[in-house]
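The structure under discussion appears below in the form of structure tokens.
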Amino acid sequence: MTNLLQWCSGVSRWLAWLGGAALLLSAGLISLDVVFRALWKVTYFESFEFSTYAFAIATAMGMSYALVTRAHIRIELLYVTLPEKWRAWLDVWSYAGLSVVSVVLVYWCAQTVLSNFQSGARSNSSLSIPLVWPQGIWLLGLAWLAVLSTLYAVYGLASSLRGRTSDTNRMLGMASLQEEIEAGTGQEQR
């Protein structure tokens with residue numbers, strides 16, 4: 001299971017880079033549009049439309065990377081004072097909740113993409129892009145988040161049920177807390 005999660009982490013990193021590249025590309029197009037408007041009073045690149053798609057896609061792709069790097073925000077006031085076993089179960093609960101929310105989100109987003117595919121909906125711009133393309137990429141990012149959060153929740157549940165709460169904390173717990181614990185352990189061993 002750990003190898004699967006490591007592979008998923010690599011895929012998430014690649015998707016985050018893809019989302020970042022889309023944002024960088026849209027920033028370049030916006031810059032070119034600004035220059036062209038200033039010099040020649042014309043817009044060639046439809047940068048607003050592309051940047052809207054890029055932002056949605058980058059957000060969807062980046063959420064799975066935030067999950068695997070544990071970069072999401074948590075309220076640690078109570079969490080850090082709890083015993084390891086309770087923290088592990090709270091982590092499992094939070095990943096299970098994220099899994100449910102992301103699966104529901106994927107369902108409704110898939111309905112939107114399917115509806116736009118069936119109706120042949122296109123963007124309301126001079127580009128007239130079929131909406132199924134940017135929305136389909138967006139949906140893939142959200143679906144990856146749903147799969148990943150479910151995998152992590154299952155791993156955490158299985159690990160906690162076996163009594164290996166330290167494994168659960170290492171995989172699902174707060175990144176900063178885990179680093180502090182490891183740093184403290186390293187200093188004690190010296």
Side-chain angles (χ1 to χ4, degrees), residues 1-27 51-107 109 134-162 164-189:
M1 184 79 154
T2 305
N3 289 337
L4 176 62
L5 292 177
Q6 288 175 348
W7 179 82
C8 290
S9 178
V11 171
S12 296
R13 182 176 295 113
W14 183 81
L15 290 175
W17 277 99
L18 186 65
L23 285 177
L24 191 60
L25 178 64
S26 70
S51 66
T52 304
Y53 300 147
F55 183 72
I57 290 167
T59 300
M61 300 293 186
M63 285 191 289
S64 63
Y65 185 68
L67 180 94
V68 299
T69 58
R70 296 170 299 175
H72 44 281
I73 297 171
R74 294 192 184 187
I75 300 171
E76 7 178 311
L77 183 65
L78 179 63
Y79 182 87
V80 295
T81 63
L82 295 174
E84 182 181 81
K85 183 178 181 179
W86 285 40
R87 286 195 315 259
W89 283 106
L90 282 174
D91 290 332
V92 171
W93 180 255
S94 67
Y95 278 78
L98 179 62
S99 176
V100 169
V101 168
S102 60
V103 166
V104 170
L105 183 63
V106 166
Y107 173 78
C109 292
Q135 288 178 349
I137 298 168
W138 170 65
L139 179 62
L140 285 174
L142 294 175
W144 182 248
L145 174 67
V147 166
L148 205 55
S149 60
T150 302
L151 273 174
Y152 271 74
V154 167
Y155 174 85
L157 180 63
S159 181
S160 293
L161 287 174
R162 288 188 205 132
R164 298 188 328 210
T165 56
S166 61
D167 289 347
T168 304
N169 284 327
R170 188 173 58 256
M171 285 302 287
L172 307 182
M174 292 178 6
S176 61
L177 181 62
Q178 188 62 33
E179 290 166 3
E180 287 174 18
I181 291 170
E182 290 171 0
T185 304
Q187 290 174 354
E188 290 172 8
Q189 290 177 349

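Here, residue 1 is the first one in the sequence, and each next residue gets the next number.
In this structure, the separation between CG on Leu15 and CD1 on Ile137 is 11.0 Å, given to the nearest 0.5 Å. Taking OG of Ser64 as the start and CG of Leu140 as the end, the distance is 11.5 Å to the nearest 0.5 Å. Considering CE of Met61 and CH2 of Trp17, their distance stands at 15.5 Å, rounded to 0.5 Å. Distance CG/Leu67 to CG/Leu172: 8.5 Å, rounded to 0.5 Å. Distance OH/Tyr152 to CG/Leu5: 5.0 Å, rounded to 0.5 Å. Note that the OH atom of Tyr53 and the CG atom of Leu25 stand 14.0 Å from one another [nearest 0.5 Å].
Considering all non-hydrogen atoms of both residues, Leu148 and Ser12 come closest at CD2-OG, 3.2 Å. Residues Ser9 and Val68 share a closest heavy-atom pair of OG-CG2, 3.8 Å. For the pair Arg70 and Met171, the tightest heavy-atom approach, listed with the atom from each and the gap, is CD-O, 3.7 Å. Nearest heavy atom pair, residue Ala153 against residue Val92, reads O-CG1, 4.3 Å. Closest approach of Ser26 and Leu23 over heavy atoms only: OG-O, 2.9 Å. Between Trp138 and Ala60, the shortest heavy-atom distance links the atoms O-CB, 3.6 Å.
A heavy-atom distance below 4.5 Å is found between the side chains of Leu157 and Trp89. Residues Tyr155 and Leu151 form no side-chain contact, since every pair of their non-hydrogen atoms from C-beta on lies 4.5 Å or further apart.
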- Given the rule in the side chain to side chain donor-acceptor pair (under 3.5 Å) test, do Tyr79 and Asp91 qualify, once you have shown the distances and angles that lead to the verdict? CA-CA 10 Å; Tyr79 182 87; Asp91 290 332; 2.7 Å; yes
- Item | Met63/Leu142 under side-chain contact (heavy atoms from CB on, under 4.5 Å): CA gap, chis, key distance, verdict | CA-CA 8 Å; Met63 285 191 289; Leu142 294 175; 3.4 Å; yes
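Asn169 contributes a side-chain N or O that, together with a main-chain N or O of Glu84, makes up a donor-acceptor pair within less than 3.5 Å. Using modelled atom types, no side-chain atom of Arg87 and backbone atom of Thr165 make a donor-acceptor pair closer than 3.5 Å. Ser159 places a side-chain N or O within donor-acceptor distance of the main-chain N or O of Arg164, the cut-off being under 3.5 Å. A distance-only check finds a donor-acceptor pair linking the side chain of Thr59 to the backbone of Phe55 [under 3.5 Å]. Not one N or O on the side chain of Ser99 forms a donor-acceptor pair closer than 3.5 Å with the backbone of Tyr95.
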